[in-house]
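Sequential numbering from 1 along the given sequence is applied to the chain's residues.
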Amino acid sequence: MYLLKTYLWTVVVFIIAKVAFMYYNQEGHDYSWNDLCDVVRHGLSLDLSTALYFIIFPFLVVLVSLWWNNEKVLRRLLSIYYVVISIAFALAFVADSSLYPFWGFKLDASCLQYLETPTEAMASVSTGYLIMRLLVIGIAAVLIYMGYHAPFTLHPHTLHTRPKIIQTLIYVLLIPLIVIGIRGGLDESTTNIGQVYFSQNQFLNHAAVNPVFSFLFSLDHQLGDGNEYQFMSDEECAALVKDVYPSQPSTLNAPLDSAALHSKEPSTLNSNRPNIVIILLESCGEQFASVMPRLQQLKQEGIWFSQCYGNSWRTDRGTVCTLSGYPSFPATSVMKIPEKSRTLPSIARTLQKEHYTTSFLYGGDINFTNMRSYLVATGWEQLTWKADYSREEQHSAEWGVRDDITFGTLYDRITQLPTDTLQQERALFGYSTLSSHEPWDVPVKKLDDEVLNAFTYLDQCLGDFIDKLKATPQWDNLLIVLTADHGINYKDIDEQQPLKRNHIPLLMVGGAVKEPLIVTALCNQTDISATLLGLLGLPHDDFRFSRDVLSESYRYPTAVHNYYNAQLLIDSTGYILYDFDAQRFIVSQTADPERLLRINKAILQTTTNDLMNR
């Protein structure tokens, strides 16, 4: 009876957490009382299995108490255990509810990497926000513990009425039942997140998922050895991706001797070797185009890729995709794995061989998500970040130095470049903005909506930056690559509208551009590397997963986007978004979804194998 009460209270706690999750995240998600009941009902199987994990320790204590009559020690052990899990549950429930509006999926182990730099991780929220959640965590932990304390007052030792050997035998016989319950039955399929999915409304499916199980499951389902993404034979996989990632080099990059490379004039540029600036606009999906008039104006002046899609959902992933032409992954960040990230190809490293100096500018903490290690390892020589600014400037925004200040730094660096076009040495600048991010703290207020207002501010900073550069002699030999690190959920645009959510700008502008050009081919953020190098007439064979969109070898336009264990694939026939945990389509807008799914799986298997072999 003692174990049963403890088990049932754990299940009740999980159910209450579901109701609280739905109530807290109700904005933008319409649901009825029946929906709430369905969430609880469909999520119950996962709750029952998860609760069994937390009955194991009390079960062992009960078993030991049959043969060891030291009630004081056993009570203390159980009390400590209930304190620990009460706090852990409260943390999980509050973190899950609080992060969901930002992330759009359930709590998983990816949150742990941001705890390595807690100051940066908390920069998106106010002090009041954190205090309130810490208070809720404390109250929830106390209430959960009180529920465990009630059955605990009747210690199992006082309930032993049968002979010890009989009691022991009964408990031993319960072990396989607990194991089967944790496993989810005797079928081939074991307990998994997808078993609770029941609706076309993804919010209801997410609400049904137990956040504790989701977190523990993700701990055991990181990239690991890549076996999770082995779907088919290597031969079948290669056949499916041969058109997605053609092995032949770009026709613009046919083998040339060194002299020919330096004398070749790309057809769309005025300069053989322009100075280059790559700007990653924080969270700047095309969904914000309506409040960014200066960016729209620039699209009429440069090479605009109108159908570009981001590869991932976080800055650390998007940075690698852009600067290394390397794909993102559903459950891991390559930037966080130095032994892998240092092996990646890099625009910076390639251009270093062409006598380019390389520098990177970021107004935040460059140690966040292991960014420094990645940048240094891939050829970025000079790093400028928050610590290089005055104390006042460092605190001009929650994330660090606000954008108008860092745009000013970039302008100063560019205008210090020599204007002699015959000089062999050139410069590559990388720059990540940061103000268009929670908590949207910008120094101007033009719009009431704080999100739209932040992007208006970013647009103003960008427009002023370009206007000033146009008046300098450095403009004539400058190529600026503008893109976003990723898109974001905003109002009704989320992962269930993947085309709107992940459509990002890609624009190459500057005095080095010969004439305006609109490129309508579907492409990915990872294609920036090969396309840029192709414009310069440079080989990019080591960028295996980056395609030169302007070359004749780009025959099967596709775009991929992934977030935690789900991946989007787009081609000319439509698109699918597939959840590998649930093993089902989240979105399917194509006549033949199974064909796209096979290609989607082959892409993930190919890219995963490449990462594992690095």
Asp365: partners by side-chain hydrogen bond (donor to acceptor under 3.5 Å, both in side chains), with sequence neighbours left out: Asn367

Ion pair check, Lys491 and Glu27, cut-off under 4.0 Å: no

Derivation of the ring-ring contact (aromatic ring centres under 6.0 Å, His included) call for Tyr362 and Phe368: CA-CA 11 Å; Tyr362 177 56; Phe368 189 46; 8.2 Å; no

Validation row, ring centre Tyr100 to ring centre His206 under 6.0 Å: yes

Distance-only donor-acceptor check, side chains Thr10 and Tyr148, under 3.5 Å: yes

Test side chain to side chain donor-acceptor pair (under 3.5 Å) applied to Ser432 and Glu282, step by step: CA-CA 7 Å; Ser432 285; Glu282 173 65 50; over 6 Å; no

Proximity of Tyr431 and Phe407 rings by center, below 6.0 Å: yes

Between CD1 on residue Ile55 and OH on residue Tyr7, distance to nearest 0.5 Å: 8.5 Å

Pair Arg133, Ser98: side-chain N/O donor-acceptor within cut-off below 3.5 Å: yes

With sequence neighbours excluded, residues passing ring pair (Phe, Tyr, Trp, His ring centres under 6.0 Å) with Phe54: Phe89

Tyr31: partners by ring pair (Phe, Tyr, Trp, His ring centres under 6.0 Å), with sequence neighbours left out: none

Step-by-step side chain to side chain donor-acceptor pair (under 3.5 Å) determination, Glu393 to Ser396: CA-CA 5 Å; Glu393 289 170 327; Ser396 58; over 6 Å; no

Step-by-step side chain to side chain contact (heavy atoms under 4.5 Å, CB included) determination, Leu344 to Val320: CA-CA 9 Å; Leu344 299 182; Val320 171; 3.6 Å; yes

Ser373-Arg342 side chain donor-acceptor pair, cut-off 3.5 Å: no

Under 3.5 Å side-chain donor-acceptor pair for Asp316 and Tyr374: no

Ring geometry between Trp440 and Phe455 (parallel below 30°, tilted from 30 to 60°, perpendicular above 60°): tilted

Donor-acceptor side-chain pairing of Tyr24 and Gln26 below 3.5 angstrom: no

Qualifying residue, where the test is side-chain contact (heavy atoms from CB on, under 4.5 Å) with Ile279 and the options are Thr483, Leu507, Ile480: Ile480

Any side-chain donor near an acceptor of the partner, Glu228 and Asn565, under 3.5 Å: yes

Pairing of Asp485 and Arg317 as salt bridge, 4.0 angstrom limit: no

Trace of the side chain to side chain contact (heavy atoms under 4.5 Å, CB included) decision for Thr332 with Ile337: CA-CA 9 Å; Thr332 194; Ile337 314 174; 3.7 Å; yes

Approximate separation, where rounding is to 0.5 Å, of Leu482 CG and Thr433 OG1: 10.0 Å

Ring-ring centroid check Tyr82 Tyr145, cutoff 6.0 Å: no

Any donor-acceptor N or O pair under 3.5 Å, side chains Gln525, Thr322: yes

Test salt bridge (Lys or Arg N to Asp or Glu O under 4.0 Å) applied to Asp441 - qualifying residues, sequence neighbours left out: none

Check against side chain to side chain contact (heavy atoms under 4.5 Å, CB included), Glu381 and Ser359: CA-CA 6 Å; Glu381 300 162 317; Ser359 60; over 6 Å; no

Phe21 six-ring centre to Lys106 NZ/CZ under 6.0 Å and within 45° of normal: yes

Flag for His561-Asn502: side-chain donor and acceptor within less than 3.5 Å: yes

SB check Asp47 Lys18 (cutoff 4.0 Å): yes

Asn562-Ser328 side chain donor-acceptor pair, cut-off 3.5 Å: yes

Listed partners of Glu495 passing salt bridge (Lys or Arg N to Asp or Glu O under 4.0 Å), at least two apart: Arg501

Residues that Phe102 engages under side chain to side chain contact (heavy atoms under 4.5 Å, CB included), provided they are two or more places apart: Tyr129, Glu438

Side-chain donor-acceptor pair present, Gln382, Thr358, cut-off under 3.5 Å: no

